[in-house]
Every structure is written in C-alpha cells, then in structure tokens.
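Accompanying notes for the structure given below.
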Amino acid sequence: MTIAIGDKIPPATVKEKTAEGTADVDIGEFLKGRTIVLFGLPGAFTPTCSMNHLPGFLENRDSFYAKGVDEIAVVAVNDHHVMAAWAKSSGGEGKIRYFADGNAAFAKALGLEMDLSGGGLGLRSKRFSMLIKDGTVVQLNIEASPGTADTSGAATLLGQL
C-alpha cells in the first residue's frame, strides 16, 4: 500500500554520515513535533536527481523555512558514503539532511519502491516530495516517471504551503 495524505510515516531507520561517523536516524524521532519537507529520489548523482530535483530544494531552502518548515531532508537508495559525497559535491552539506536508505527498506515501508533492474539500477525509490507535520503526511507529490522532477519538485511543494 502506498503512503497517502493523512497517513503516519511508518517506523524506519535510515543512515546518515556525520562528523562523528555513521549514525542511524530513527525517522519517527526525526519527525516528532516538527514540520519537515522530505523528498526522495532514485539515486544520488543521477542526472535528473542532481540537475533537476535536488537543486530546487537547495535554492528554495530559505523560502521553505519562512513558511514554517523546520528542516529539509532528501532520501535515496544509496549508502551513506555516497550520500555524504553527494552532499559535498552538490553544495548542500549542512543545508539539508542527506539520508541513505541503502536496502530500500524505507521506500518499501512507504510503498514507494520501484524496480529499475532492467536498467541495471535494482530496487530504487520513486521520486516524491512530501510535507510532514509531527509524523503525518499533509502534502504528497509522487512523480509518474523517474526521469522527471516536476510534480515532486520544490516549486510544486512550496506552492502547496
């Protein structure tokens, strides 16, 4: 079953590279009592993700915060080393959180996994964006095609706030 507006985010743990090393992030604790923008994508460093999806959230970071968002996070089916490298190379390190869902457990829990094995990419996350308040989804945008980032882009979500 796919997550929907009004649903609580299911329990999950993702990984994040920090100055102290690798940290497990309990999604429930991360979301508790806060307003979060969370967007997901098939993979770090991929063309659409790097050129079309991530930049909008970085460029509109202050606009999201001005509208009451506490934090922005991106999650992808990559390991935490790749996500940390992407944070550095994208200029997003320290601006938004980069979460690794290495085995797609979080994507599966959301019902947003997709099989891209035909293209050699294996199990990945669908491209999405959501606004979450205290663990409950209040806006949800799921891209119809992994090669586009319009429906799930920052401008769309910002317009929904």
Side-chain angles (χ1 to χ4, degrees), residues 1-46 48-49 53-54 56-58 60-61 64-65 67-87 90 92-117 121-144 146 149 151-154 156-158 160-161:
M1 186 166 102
T2 303
I3 192 92
I5 292 174
D7 289 350
K8 289 292 256 180
I9 297 292
T13 301
V14 293
K15 295 209 178 282
E16 180 179 33
K17 188 94 171 183
T18 68
E20 294 79 37
T22 304
D24 287 338
V25 178
D26 178 304
I27 291 293
E29 286 301 312
F30 173 69
L31 300 172
K32 190 175 182 177
R34 302 181 338 133
T35 300
I36 302 292
V37 165
L38 178 67
F39 66 106
L41 35 84
F45 292 107
T46 58
T48 303
C49 301
H53 206 191
L54 175 64
F57 288 94
L58 291 173
N60 288 289
R61 179 178 168 258
F64 279 111
Y65 291 163
K67 292 189 177 259
V69 170
D70 295 307
E71 199 159 11
I72 301 170
V74 59
V75 61
V77 181
N78 291 107
D79 67 57
H80 54 282
H81 299 291
V82 169
M83 293 302 284
W86 197 35
S90 68
E93 186 176 38
K95 295 179 182 171
I96 67 173
R97 306 277 293 271
Y98 287 74
F99 293 149
D101 183 24
N103 61 4
F106 185 49
K108 288 182 212 172
L110 295 173
L112 293 174
E113 78 279 4
M114 65 178 169
D115 188 352
L116 295 179
S117 297
L121 298 174
L123 192 61
R124 296 293 176 138
S125 172
K126 289 182 180 178
R127 188 178 308 283
F128 68 88
S129 64
M130 60 176 76
L131 180 69
I132 306 163
K133 290 187 179 182
D134 195 23
T136 300
V137 178
V138 295
Q139 290 293 340
L140 175 63
N141 306 299
I142 303 170
E143 209 67 53
T151 302
S152 63
T156 299
L157 191 59
L158 194 55
Q160 294 170 329
L161 298 182

- Task: List in chain and number order the residues that pass salt bridge (charged side-chain N to carboxylate O under 4.0 Å, His left out) with Arg97, two or more places apart in sequence or in another chain; answer none if no residue qualifies.
- Result: Glu16, Glu71
- Note on the structure: side chain to side chain contact (heavy atoms under 4.5 Å, CB included) filter on Ala154, not counting sequence neighbours, yields Phe57, Asn60, Phe64
- Test item: Met83 and Val74 side chains (from C-beta on) under 4.5 Å apart, heavy atoms: yes
List the atom pairs, with distances to 0.1 Å, where a side-chain N or O of residues 6-14 and a protein N or O form a donor-acceptor pair under 3.5 Å, not counting sequence neighbours.
unit_1 : atom_1 : unit_2 : atom_2 : d
Asp7   : OD2    : Ala4   : N      : 2.8
Lys8   : NZ     : Asp134 : O      : 2.9

- Task: Any chance you could measure Thr136, atom OG1, to Ile5, atom CD1, to the nearest 0.5 Å?
- Result: 12.0 Å
- Task: Go through the structure and list residues passing salt bridge (charged side-chain N to carboxylate O under 4.0 Å, His left out) with Lys17, not counting sequence neighbours.
- Result: none
- Ile96 side chain near Val37 side chain, heavy-atom distance below 4.5 Å: no
- For the student: nearest non-hydrogen atoms of Leu140 and Ile3, plus distance: CD2-O, 3.2 Å
- Check whether any side-chain N or O of Asp70 sits under 3.5 Å from a backbone N or O of Thr35 as a donor-acceptor pair, and report yes or no. yes
- Message: Going by the rule ring pair (Phe, Tyr, Trp, His ring centres under 6.0 Å), which residues pair with Phe128 if we only count those two or more places apart in sequence or in a different chain?
- Response: none
- Note on the structure: For Leu112 and Ile142, the nearest pair of non-hydrogen atoms, with its separation, is CD2-CD1, 3.5 Å
- Item | Any side-chain donor near an acceptor of the partner, Ser129 and Asn141, under 3.5 Å | yes
- Under the ring pair (Phe, Tyr, Trp, His ring centres under 6.0 Å) rule, collect the residues that match up with Phe99, sequence neighbours excluded. Phe30
- Message: Between Arg61 and Lys95 (side chain of the first, backbone of the second, donor and acceptor by atom type, cut-off under 3.5 Å), is there such a pair?
- Response: yes
- Query: Once you round to the nearest 0.5 Å, how far does CD of Glu113 lie from CG of Asn103?
  - Reply: 12.0 Å
- Note on the structure: Nearest heavy-atom contact between Ser90 and Leu54 is CB-CD2, 3.5 Å
